[in-house]
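Presented below is the structure to which this report refers.
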Amino acid sequence: AEFNASVDSMILSYLDIKDAFINQDTAGAKAATRMMIRRADSLHLDELKNDNEAVRASAEATIGDIKANAESLLTQTDITEMRQDFRMVTEMMYPAFFQTINYEGPKLYLMHCPMAFGTDKGADWISAKPEVVNPFFGKNNPKHKDEMLHCGEVKDTIKAH
């Protein structure tokens, strides 16, 4: 239960990062990223000791990758570069992190925008709701305003095991 609560807490911080990008809020994205890193550091991985050592090692490696990309986001000053790091955090979380830890939290949705970084460069993000609200374009985008806010689709459902 403690492990699942710590995972849920980390995911809530991830969702806060997503919401900050929707609102074009780089300071909020960085604050939520710092919180996500803290929560990743406090995951109760000792509860994975009942699993085999390979599972725990895989979880630790995946969390290390998530944190490395999150830490990179903190060093960026350009919102597009920050969003690239957010894309990489998502790639580290899904499917590897969720599969490794045998995710048991609330239903989540993997979303995909086929043109997040140009016409041929898509990106994924995780959402708590099935409605597409795109963090890669966000509200009040300098180029597209809010016309790309709902660009994307549900790619997968992340369900508790």
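The shown structure was predicted, so the numbers you read here are calculated from the model rather than taken from an experiment. In this chain, numbering begins with 1 at the start of the sequence shown.
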Minimum heavy-atom separation for H144 to E147, with atom names? O-CG, 2.8 Å
Hey, could you give me the CG/CD distance between D78 and Q84, rounded to the nearest 0.5 Å? 10.0 Å
Kindly say whether K129 contributes a backbone atom to a donor-acceptor pair with the side chain of S127 at under 3.5 angstrom? yes
Of all the heavy-atom pairs spanning M111 and P130, show the shortest one and how long it is. CE-O, 3.3 Å
Any donor-acceptor pair under 3.5 Å from T100 side chain to A96 backbone: yes
Cluster overlap I11 with Y109, hydrophobic side-chain contacts below 4.5 Å: yes
Heavy-atom pair of closest approach, residues S42 and S6: O-CB, 4.1 Å
Sequence neighbours left out, what pairs pass ring-ring contact (aromatic ring centres under 6.0 Å, His included) with at least one residue falling in residues 15-42? F21-F86
Under a 4.5 Å side-chain heavy-atom rule over Ile, Leu, Val, Met, Phe, Trp and Tyr, are M35 and L43 clustered together? no
Tell me whether R39 contacts the main-chain N or O of S9 through its side chain, where contact means a donor paired with an acceptor under 3.5 Å. yes
Could you please spell out the steps behind the side chain to side chain contact (heavy atoms under 4.5 Å, CB included) verdict for T157 and L108? CA-CA 6 Å; T157 303; L108 299 169; over 6 Å; no
Without hydrogens or angle criteria, can the side chains of D124 and T90 be said to hold a donor-acceptor pair below 3.5 Å? no
Any donor-acceptor N/O pair, Y94 side chain to L110 backbone, under 3.5 Å: no
Out of curiosity, does L73 fall in the hydrophobic cluster containing F117 (side-chain heavy atoms, cut-off under 4.5 Å, transitive links)? yes
For side chain to side chain contact (heavy atoms under 4.5 Å, CB included), just list the numbers for F98 and I126, CA-CA rounded to whole Å, side-chain angles, deciding distance to a tenth of an Å, and then say yes or no. CA-CA 11 Å; F98 289 106; I126 297 164; 3.5 Å; yes
Rounded to the nearest 0.5 Å, the SG atom of C113 sits from the NE2 atom of H150 at a distance of 12.5 Å
Check against side chain to side chain contact (heavy atoms under 4.5 Å, CB included), R87 and W125: CA-CA 7 Å; R87 175 185 64 84; W125 73 95; over 6 Å; no
In the single-linkage hydrophobic clustering (I, L, V, M, F, W, Y; side-chain heavy atoms under 4.5 Å), do M92 and M10 co-cluster? yes
A20 to A29 - nearest heavy-atom pair and separation: CB-N, 3.3 Å
Find the distance between CD1 (I79) and CG (N141) and round it off to the nearest 0.5 Å. 8.5 Å
Roughly how far, to the nearest 0.5 Å, is the CG atom of D65 from the CE atom of M93? 12.5 Å
Nearest 0.5 Å, please: how far is CD1 in I22 from CG in D146? 12.5 Å
Joint hydrophobic cluster, I17 plus I158, side-chain heavy atoms closer than 4.5 Å: yes
In a table with atom names and distances, give each donor-acceptor pair under 3.5 Å that connects a side chain of residues 131-140 to protein atoms at least two apart or in another chain.
| from | atom 1 | to | atom 2 | distance (Å) |
| --- | --- | --- | --- | --- |
| N134 | OD1 | F136 | N | 2.6 |
| N134 | OD1 | F137 | N | 3.3 |
| N134 | ND2 | C151 | O | 2.9 |
| K139 | NZ | N23 | OD1 | 3.4 |

If you measure from the Lys or Arg side-chain nitrogens to the Asp or Glu carboxylate oxygens, is any gap between E71 and K67 under 4.0 Å? no
Provide the closest heavy-atom pair for D8 versus G105 in the form atom of the first, atom of the second, distance. OD1-CA, 3.7 Å
Taking it one step at a time, do I66 and F97 satisfy side chain to side chain contact (heavy atoms under 4.5 Å, CB included)? CA-CA 9 Å; I66 291 168; F97 177 71; 4.0 Å; yes
Distance (rounded to the nearest 0.5 Å) between Q76 CD and T26 OG1: 12.0 Å
Indicate the atoms forming the closest heavy-atom contact of F3 with L45, along with that distance. CE1-CD2, 3.9 Å
Sidechain-backbone polar pair: N69 side chain, V89 backbone, donor-acceptor under 3.5 Å: no
Mind jotting down which residue pairs meet the side-chain hydrogen bond (donor to acceptor under 3.5 Å, both in side chains) criterion with at least one end in residues 28-38? Sequence neighbours excluded, please. none
